[in-house]
Amino acid sequence: AQAAFVSGGLLPAIAGDDVAMTRSRCAVPHHAAPHSRQYASKHSVGRPSIFKSLCLSCCIYCWWQSSTDVRDDTSGAGFPGPLVLLPPRRMPEKVKVVESHAVLRPDLAVTCLSSWAALKREEALYSSQGRSLRKLLGALEALVAEGRLDDHLQNIASCAIRLTAKGLDATSLTRRCLQASKGKVAVVDGRDVVTLAWNLAKSRERDAAVLRTLAESARKHINSTNAAGLTKLAWSFALLEVKDSNLLDAISKALQSRLTELSPWRLARCAWSFARLQRKDIDLFDAIAQQSLTTISSFSLESLSRLAWAFATLGIENRVLLHTIGKQAMTNLDQAKPQELLNIAWSFAVLGLGEPDLFHAVARTATKQQVVRALSPRSLCKLAWSFAKTECLEVDLFSEIGMRVIQSRAAFEPSMLINLAWSFAVLGVNNSEFLEAVGEESMTKLSDFSPQELSNLMWAFASAQR
């Protein structure tokens, strides 16, 4: 590959074995450029070299700028240190890496990816502007799918994970490598395992082979992963719905002695992850409760609601912790989001913990912030059920719930209508317009009701009209 730099512009040409730089009077042979500081220093002309290369061994991707435009770190004799690129608006036109993967040499593509992955975060982000990196990733993905890079899958996967960790999403390429390898590629570093799990979770990966490889790699690196990384792993596998008992036991065991290293929101996320996977680990949750009680004043409302939800979902009744959560939540409940209010009310109701002051505060906030309008029909049913279960009647709140049903009754499924009618009946709320709307909507969906559901609905109507 040869790049000719003329008048500050970059003119790519595919020819020869050297990289000629006319402005710097420096010619560095392809096989040496610029791996050796000694070689580069020998060929310099008494001032810092202006040769900047992204793809160190193949020179696919490089820029030229004067020494005043590029911040040099002359830690070596006449050779700049870490590459720092200019903001995109000051960059020359980029070299087109490849127009079609069919004309790209596979080994050259892998070398280019390795060099890109070796850049520092800022350098990689700057150099990723435009389509060149996306073209390279797309080309590699196609080559992997065609089976032309079977001998390089481990290297490609590792490079793609490192790029993803730097903010350049190469998860698709990693996934393709894991699929093509059929379990033979392993993630060889604990941090890489966490990065890959995190990004696969965000993309909602469902490929069984990929998830199996990820779980196996995660188990091997449990001891070398820090507490924050373990929490990320648990969260990732919860979103991916991977119920690997051995992995979860290993994460739990490793975390129990290191919970003091976790911030409040990570403690809540850890509890949420295990609850999402229906993993009732009493020892872990006792440890989480103990650590949470010591730092409860630092928990945000979101973390408090997640923590309460996790204990309620698994049916772990820790009255001391839940009472403390309720007390802390009331200090700034006015700032709560709809989902946070719902989680708190639902959690206390499930565990049978009647806290009249807390439920009154939740109802007041929900009415003030018009939460009834913001919640989905299913979430609204859960909120009404929570108040009915704890026998906390809040007239204003249930008036708003009734109005919401009247205005949008078609959005409520049969089970939701039954749930709402039951909640109104238990609390003795006699709202004739609400009952009429529920009755009319039930008639249009009568074939969708089971005999038991019809019986429950009739009971709710009879009880409400007493």
Checklist line | Point-to-point distance, once rounded to the nearest 0.5 Å, from CG of Leu435 to CG of Asn431 | finding: 6.5 Å

Checklist line | Under 3.5 Å donor-acceptor, Glu302 side chain and Glu340 backbone | finding: no

Notebook entry, point to check: With a 4.5 Å heavy-atom cut-off, do Lys382 and Asn419 have their side chains touching?
Noted result: no

Check: Taking C-beta and beyond as the side chain, do Val405 and Phe412 meet within less than 4.5 Å on heavy atoms?
Finding: yes

Check: Shortest non-hydrogen contact from Ala271 to Leu307?
Finding: CB-CD1, 3.9 Å

Check: With a cut-off of 6.0 Å (strictly less than), are more than 12 heavy atoms of other residues, nucleotides or ligands near CZ of Arg373?
Finding: no

Notebook entry, point to check: Should we count NZ of Lys445 as having more than 12 external heavy atoms under 6.0 Å?
Noted result: yes

Next item on the list: Take Ser386 and Lys389 through the side-chain contact (heavy atoms from CB on, under 4.5 Å) test and state the conclusion after the steps.
Entry: CA-CA 5 Å; Ser386 300; Lys389 184 72 165 56; 5.8 Å; no

Margin query: Tell me the closest heavy-atom pair linking Val350 and Ala312, and the distance in Å.
Written below: CG1-O, 3.6 Å

Margin query: Taking atom CD as the centre, does Glu317 end up with more than 12 heavy-atom neighbours from other residues, nucleotides or ligands that are less than 6.0 angstrom away?
Written below: yes

Checklist line | Parallel, tilted or perpendicular, as decided by the 30° and 60° cut-offs, for the rings of Phe424 and Phe434 | finding: parallel

Checklist line | Pairwise distance CZ(Phe387) to CG(Leu397) - rounded to 0.5 angstrom | finding: 5.0 Å

Item checked: Sub-4.5 Å side-chain heavy-atom contact between Leu341 and Leu301 -> no

Note to self: Walk me through whether Lys253 and Asp283 qualify under salt bridge (Lys or Arg N to Asp or Glu O under 4.0 Å).
What the structure shows: CA-CA 9 Å; Lys253 185 177 180 180; Asp283 291 338; over 6 Å; no

Note to self: The criterion is side chain to side chain donor-acceptor pair (under 3.5 Å); which residues satisfy it with Glu413, sequence neighbours excluded?
What the structure shows: Arg378

Margin query: Using 0.5 Å steps for rounding, measure from the NZ atom of Lys220 to the CG atom of Leu247.
Written below: 13.0 Å

Item checked: Distance (rounded to the nearest 0.5 Å) between Arg404 CZ and Glu400 CD -> 11.0 Å

Next item on the list: For residues Ile156 and Leu149, report the shortest heavy-atom separation together with the two atoms involved.
Entry: CD1-CD1, 3.6 Å

Next item on the list: Rounded to the nearest 0.5 Å, what's the gap from CG on Leu163 to CG on Leu173? Could you check?
Entry: 9.0 Å

Notebook entry, point to check: Do the side chains of Gln291 and Thr294 get nearer than 4.5 Å, heavy atoms only?
Noted result: yes

Check: Distance from Glu433 atom CD to Met403 atom CE, nearest 0.5 Å?
Finding: 6.0 Å

Note to self: Quick one, Val371 and Thr365 - any side-chain contact, counting heavy atoms below 4.5 Å?
What the structure shows: no

Notebook entry, point to check: Counting distance only, does the side-chain N/O of Thr231 pair as donor-acceptor with the main-chain N or O of Ala227 below 3.5 Å?
Noted result: yes

Notebook entry, point to check: Minimum heavy-atom separation for Gln256 to Asp281, with atom names?
Noted result: NE2-OD1, 4.1 Å

Checklist line | Donor-acceptor contact below 3.5 Å, side chain Ser463 vs main chain Ala460 | finding: no

Next item on the list: Answer whether the closest heavy-atom distance between the side chains of His360 and Cys392 falls below 4.5 Å.
Entry: no

Item checked: Whether Ser347 side chain and Asn343 backbone form a donor-acceptor pair below 3.5 Å -> yes

Check: Would you say Leu314 and Arg279 make side-chain contact, with heavy atoms under 4.5 Å?
Finding: no

Notebook entry, point to check: Looking only at heavy atoms, which two atoms of Leu457 and Ser442 are closest? And how far apart?
Noted result: CD2-OG, 3.5 Å

Notebook entry, point to check: Can you name the side chain to side chain donor-acceptor pair (under 3.5 Å) partners of Ser292, sequence neighbours left out?
Noted result: none

Next item on the list: Report the residue from Leu255, Thr295, Leu230, Ile288 that forms a side-chain contact (heavy atoms from CB on, under 4.5 Å) with Leu262.
Entry: Leu255

Margin query: So if I apply the side-chain contact (heavy atoms from CB on, under 4.5 Å) rule between Phe398 and each of Val372, Leu420, Leu427, which one comes out positive?
Written below: Leu427

Checklist line | Audit row: Leu351, Asn318, side-chain contact (heavy atoms from CB on, under 4.5 Å) steps and yes/no | finding: CA-CA 9 Å; Leu351 294 174; Asn318 190 315; over 6 Å; no

Checklist line | Closest contact, heavy atoms only, Glu441 versus Ala410 | finding: OE2-CA, 3.6 Å

Check: With a 4.5 Å heavy-atom cut-off, do Ile325 and Phe299 have their side chains touching?
Finding: no

